[in-house]
Amino acid sequence: MSKKLNLDTICVQGGWKPAKGEPRVLPIYQSTTFKYDTTEEMGRLFDLEDSGYFYTRLANPTNDAVAQKIAELEGGVAAILTSSGQAANFYAVTNICQAGDHVVCSAKVYGGTFNLCAATIKKLGIDCTFVDPDASEEEIDAAFQANTKCLLGETIANPALVVLDIEKMANIAHKHGVPLIIDNTFATPINCRPFEWGADIVTHSTTKYMDGHAMAVGGAVIDSGNFDWDAHADKFPGLTTPDETYHGIVYTEKFGKAAYITKMTAQLMRDLGSIPSPMNCFLLNVGLETLPLRVEKHCSNAKKVAEFLNAHEKVEFVNFAGLPGDKYYELAQKYMPNGTCGVISFSLKGTKEDAARFMDSLKLAAIVTHVADARTCVLHPASHTHRQMNDEQLKEAGVTPGLIRLSVGIENPDDIIEDLAQALEQV
Ligand SMILES: *Cc1c(COP(=O)(O)O)cnc(C)c1O
């Protein structure tokens, strides 16, 4: 597909390209396996000498078409879909890290990513240092070691809503000869394309806005093709030295800009197997078709809701980078001039019980553990995600007793605001 197409066109037309007489709509190839005529034909697939389908864990036409669409949306050279956002981040890191290595990660990331880096990869022998993403270049520099293999952050952190200074982080990563990996879940490529600001790898929980209807858990990893693995060959032997499990091929030699994603498919997907089902990829593709329309509506609704809450006497503060005066407003204007996302956090004045009364009084907004779908929803960190903490610990984590995470949907904004207003009256 031509690079000139606009994102909303790619959302509708990207990926699946039917030939004469083929289905107009992306088919669901609900088949684990694919047929060949000769032993030799299939043997060449196993050697990575030919590309083609033979087993869905490694590749499936439905999945590939959707991965291709997402690669085009991010402006990358290749992408892979995973069964969840967690799998995407795990693969993005372990594709270039092994026991004895080290990563640097923003401290303001999704809880699942935090645990992945703080606990799970540690058990595999990969160490992690967390850094304050707002710290100076010098302070973040100091976290790097000789064995550091990547820097990780989120465009808009879930749920902290911190906007990352992507250019600053890219400069730091590149100074140390490692790639910058950005989780772009909340911004989506509609509002921010991290590769344009120097990021090398992008990940997604497609579960959120990309699907957008709360139907299918999924993830994606996209490679910009810009990071020069060979220039730092000693740091990335997995990409630059022979893979004995594939007759000694060297990924960067054989696959050039597609080396990183090909290695991920050939090794991690082969051995760990976090593949999404073709059915879920089909649902994701339907979601992607309307992504630009929904993102625009989520953002404009969220701005109206944030303005309403900000002016309300019972609200202590509002975090929303699209609101002038927010700590991250300037960074958001730079990286996401058309809008940030539909998620807001705000704190009621008062106690945990006041917040619970507010939540229970909502009629339209539902209490669910989710964000970024078409329906407005809320979560109360002090009673839900951070339930085990006492008031002192909550304060340290930046969670006030009255803090509420609100994912603004695409309903009529007047109805959303009216629902919030009547629930605020109950407090
Ligand atoms: C939800 C989320 C994840 C995890 O994705 P799952 O699809 O739930 O596995 C990772 N990163 C961010 C920013 C998220 O919001």
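Just so you know, residue 1 is the first one in the sequence shown, and it goes up from there.
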### Message
Under 3.5 Å, is there a donor on one side chain and an acceptor on the other for Gln267 and Thr245?
### Response
no
### Message
Under a 3.5 Å distance rule, please check whether Lys69 uses its side chain to pair with a backbone N or O of Cys11 as donor and acceptor.
### Response
yes
### Query
Checking Asn184 side chain against Cys192 main chain: does a donor-acceptor pair fall under 3.5 Å?
yes
### Task
Classify the side-chain pair Ser407/His370 by whether it contains a donor and acceptor separated by less than 3.5 Å.
no
### Task
Just do the side-chain hydrogen bond (donor to acceptor under 3.5 Å, both in side chains) check on Tyr91 and Ser274 with the steps written out, would you?
CA-CA 9 Å; Tyr91 280 21; Ser274 318; 2.9 Å; yes
### Query
Using 4.0 Å as the upper bound for N to carboxylate O, is an ion pair formed by Glu330 and Lys334?
no
### Query
Between CH2 of Trp16 and CZ of Arg24, what distance do you get to the nearest 0.5 Å?
10.0 Å
### Side chain proximity check, Ile410 to His298, heavy atoms < 4.5 angstrom
yes
### Query
Do Ser345 and Asn319 have side-chain atoms, one donor and one acceptor, less than 3.5 Å apart?
yes
### Straight-line distance of Thr265 OG1 to Arg57 CZ, nearest 0.5 Å
12.0 Å
### Query
Given the rule in the side-chain hydrogen bond (donor to acceptor under 3.5 Å, both in side chains) test, do Thr185 and Glu154 qualify, once you have shown the distances and angles that lead to the verdict?
CA-CA 8 Å; Thr185 297; Glu154 289 174 11; over 6 Å; no
## Note on the structure
d(Thr113 OG1, Phe90 CZ) to nearest 0.5 Å is 12.5 Å
### Query
What is the distance from atom OG1 of Thr203 to atom CD1 of Ile222, rounded to the nearest 0.5 Å?
7.5 Å
### Task
Could you tell me whether the side chain of Arg405 and the main chain of Phe346 form a donor-acceptor pair under 3.5 Å?
no
### Query
How are the rings of Tyr246 and Tyr251 set relative to one another: parallel (under 30°), tilted (30 to 60°) or perpendicular (over 60°)?
perpendicular
### Task
Show your working on side-chain contact (heavy atoms from CB on, under 4.5 Å) between Thr94 and Ile126 and close with a plain yes or no.
CA-CA 9 Å; Thr94 50; Ile126 303 165; 4.2 Å; yes
### Heavy-atom donor-acceptor pair, Tyr335 side chain to Glu167 backbone, under 3.5 Å
yes
### Query
Would a 4.5 Å heavy-atom cut-off, applied to side chains only, mark Ile70 and Leu284 as touching?
yes
### Task
Please report the shortest heavy-atom distance between Cys150 and Cys97, naming the atom on each side.
SG-SG, 4.4 Å
### Summary
Here the pair of heavy atoms bringing Ile190 nearest to Pro292 is CD1-CG, 3.9 Å
### Query
Has the side chain of Lys149 got a donor or acceptor atom that lies under 3.5 Å from a matching backbone atom of Val93?
no
### Task
Walk me through it: do Met269 and Met264 pass the test side-chain contact (heavy atoms from CB on, under 4.5 Å)?
CA-CA 6 Å; Met269 211 43 105; Met264 192 175 286; over 6 Å; no
### Query
After noting the C-alpha distance and the side-chain angles of Lys168 and Ile140, does the key distance pass the side-chain contact (heavy atoms from CB on, under 4.5 Å) rule?
CA-CA 10 Å; Lys168 174 183 82 177; Ile140 298 173; 4.0 Å; yes
### Query
Given the rule in the side-chain contact (heavy atoms from CB on, under 4.5 Å) test, do Arg193 and Leu7 qualify, once you have shown the distances and angles that lead to the verdict?
CA-CA 11 Å; Arg193 302 214 305 167; Leu7 293 183; 3.7 Å; yes
### Query
Using the benzene-type ring in the case of Trp, are the ring centres of Phe358 and His380 under 6.0 Å apart?
no
### Query
Just how far is it from atom NZ of Lys257 to atom OG of Ser224, taken to the nearest 0.5 Å?
7.5 Å
### Sub-4.5 Å side-chain heavy-atom contact between Asp230 and Glu253
no
### Pi-cation contact, Tyr110 with Lys208 (under 6.0 Å, within 45°)
yes
### Query
When you measure from the side chain of Asp211 to the backbone N and O of Ala216, does any donor-acceptor pair fall under 3.5 Å?
yes
### Query
Is there a side-chain hydrogen bond (donor to acceptor under 3.5 Å, both in side chains) between Tyr328 and Asp134 once you walk through the steps?
CA-CA 10 Å; Tyr328 296 100; Asp134 295 333; 2.4 Å; yes
### Message
Within a 6.0 Å radius of atom NZ on Lys303, are there more than 12 heavy atoms belonging to other residues, nucleotides or ligands?
### Response
no
### Query
For Phe282, does the CZ atom sit with more than 12 other heavy atoms under 6.0 Å from it, leaving out its own atoms?
no
## Note on the structure
In terms of heavy-atom contacts, Cys117 and Phe130 come closest through CB-CZ, 3.8 Å
#### Entry: Shortest non-hydrogen contact from His232 toward Phe227
CD2-CZ, 3.7 Å
### Message
Is the shortest side-chain heavy-atom distance between Tyr53 and Leu45 below 4.5 Å?
### Response
no
### Query
Side chain of Ser277, backbone of Asn280: donor and acceptor closer than 3.5 Å?
yes
### Summary
Interatomic distance, CG@Leu288 vs CE@Met210, rounded to 0.5 Å, equals 6.0 Å
### Message
Using modelled atom types and a 3.5 Å cut-off, is there a donor and acceptor pairing between side-chain atoms of Arg294 and backbone atoms of Tyr209?
### Response
yes
### Message
Other residues, nucleotides and ligands only: do more than 12 of their heavy atoms fall within 6.0 Å of CD on Glu296?
### Response
no
### Test item: Asp200 and His174 side chains (from C-beta on) under 4.5 Å apart, heavy atoms
yes
### Sidechain-backbone polar pair: Asn95 side chain, Tyr260 backbone, donor-acceptor under 3.5 Å
yes
### Query
How about Phe308 and Pro413: do any of their side-chain heavy atoms sit closer than 4.5 Å?
no
### Task
List the steps and the verdict of side-chain hydrogen bond (donor to acceptor under 3.5 Å, both in side chains) for His384 and Thr369.
CA-CA 8 Å; His384 302 143; Thr369 305; over 6 Å; no
### Task
Would you mind reporting whether Val315 and Asn310 have side-chain heavy atoms less than 4.5 Å apart?
no
### Task
Could you tell me which non-hydrogen atom of Ala332 sits nearest to which non-hydrogen atom of Thr340, and how far apart they are?
CB-CG2, 3.7 Å
### Message
Would you say that Thr376 contacts Leu406 through its side chain, given a criterion of any heavy-atom pair below 4.5 Å between the two side chains?
### Response
yes
### Query
With distance as the sole test, does Thr62 use its side chain to make a donor-acceptor pair with the main-chain N or O of Pro27 at under 3.5 Å?
yes
### Query
Closest approach of Pro194 and Glu74, non-hydrogen atoms and distance?
CD-OE1, 3.5 Å
